[in-house]
Asker: 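Dropping the structure in here first, questions after.
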Amino acid sequence: MSYRSIDSTDGLQDALDQSQSEPIVLFKHSNTCDLSAMARQEMVTIDIPVFELVVQTARPLSNHIEAHFGIRHESPQVILLSEGKAIFNASHRGVTADNIHSAVSPLLAS
């Protein structure tokens with residue numbers, strides 16, 4: 001499992017580049033939210049790369065992601081990317097390892 005912090009558009013570009021060859025997760029995390037802390041515990045258990053941004057320190061990046069993918073900002077939030085495209089997103093209590101595995105399994109089966 002690969003877990004990487006990002007805080008810039010360069011980091012996002014690295015994530016987009018990596019998503020060309022394998023599915024990856026963008027994880028928006030809040031350091032001040034208990035629900036986000038629980039979601040983070042879920043994200044460290046998944047077996048695909050996770051690119052985490054902390055919304056308190058990377059809000060411009062979070063806004064850029066919202067505009068780029070047209071997915072309203074939430075926290076915690078996951079956006080599953082494949083080939084540079086958002087193919088699944090979830091927020092709050094929907095940020096679980098099971099939901100990520102369910103969304104990614106059709107990609108890995110093909």
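Fair warning: this is a prediction, and the values are worked out from it, not measured in the lab.
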Asker: Is a donor on one side and an acceptor on the other found under 3.5 Å between the side chain of S102 and the backbone of D98?
Answerer: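 Present.
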Asker: Is a donor on one side and an acceptor on the other found under 3.5 Å between the side chain of S8 and the backbone of G11?
Answerer: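 Yes, S8 side chain to G11 backbone: donor-acceptor pair under 3.5 Å.
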Asker: One pair to check against side-chain contact (heavy atoms from CB on, under 4.5 Å): E74 and K28. What are the steps and the verdict?
Answerer: CA-CA 8 Å; E74 301 281 349; K28 293 185 181 184; over 6 Å; no
Asker: Are any of the side-chain heavy atoms of E83 and S19 separated by less than 4.5 Å?
Answerer: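 Answer no - side chains too far apart.
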Asker: For a side-chain contact (heavy atoms from CB on, under 4.5 Å) check, start with the C-alpha distance between V54 and D7, then their side-chain angles and the critical distance, and finish with the verdict.
Answerer: CA-CA 8 Å; V54 177; D7 61 4; over 6 Å; no
Asker: Tell me, with the steps shown, if F27 and Y3 meet side-chain contact (heavy atoms from CB on, under 4.5 Å).
Answerer: CA-CA 10 Å; F27 172 49; Y3 202 92; 3.5 Å; yes
Asker: So how far is it from I71 CD1 to N89 CG, rounded to the nearest 0.5 Å?
Answerer: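 So the gap between those two atoms works out to 4.0 Å.
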Asker: Please examine the side chains of N99 and F88, heavy atoms only from C-beta on, and report whether any two atoms are closer than 4.5 Å.
Answerer: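 Yes - at least one pair of side-chain heavy atoms lies under 4.5 Å apart.
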Asker: Same hydrophobic cluster for L107 and M43, using side-chain heavy-atom links shorter than 4.5 Å among ILVMFWY?
Answerer: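 Yes: a chain of side-chain contacts under 4.5 Å links L107 to M43.
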Asker: For R93, does the CZ atom have more than 12 heavy-atom neighbours from other residues, nucleotides or ligands under 6.0 Å away?
Answerer: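 Not more than 12 within 6.0 Å, no.
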Asker: Please determine whether side-chain contact (heavy atoms from CB on, under 4.5 Å) holds for the pair H73 and R59, giving the CA-CA distance in whole Å, both sets of side-chain angles, and the decisive distance to 0.1 Å.
Answerer: CA-CA 10 Å; H73 166 77; R59 188 58 197 219; 3.1 Å; yes
Asker: Under a 4.5 Å side-chain heavy-atom rule over Ile, Leu, Val, Met, Phe, Trp and Tyr, are V55 and F69 clustered together?
Answerer: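 Linked, V55 and F69 end up in one cluster.
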Asker: Mind checking whether I48 and L80 have side chains closer than 4.5 Å, heavy atoms only?
Answerer: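 In contact.
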Asker: Are any of the side-chain heavy atoms of H92 and L35 separated by less than 4.5 Å?
Answerer: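 When only atoms from C-beta onward are counted, L35 and H92 do touch, with a gap below 4.5 Å.
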Asker: Does V104 belong to the same Ile/Leu/Val/Met/Phe/Trp/Tyr cluster as I24, with side-chain heavy atoms less than 4.5 Å apart forming each link?
Answerer: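 No, no single cluster joins them.
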Asker: Might you point out which heavy atoms bring S82 and I87 nearest each other, and give the distance in Å?
Answerer: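 What the structure gives for the nearest pair is CB-CD1, 3.9 Å.
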Asker: Same cluster for V78 and L26 if Ile/Leu/Val/Met/Phe/Trp/Tyr side chains link at under 4.5 Å?
Answerer: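 V78 and L26: separate clusters.
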Asker: Side-chain heavy atoms under 4.5 angstrom apart, residues restricted to Ile, Leu, Val, Met, Phe, Trp, Tyr: same cluster for V25 and L53?
Answerer: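 Different clusters.
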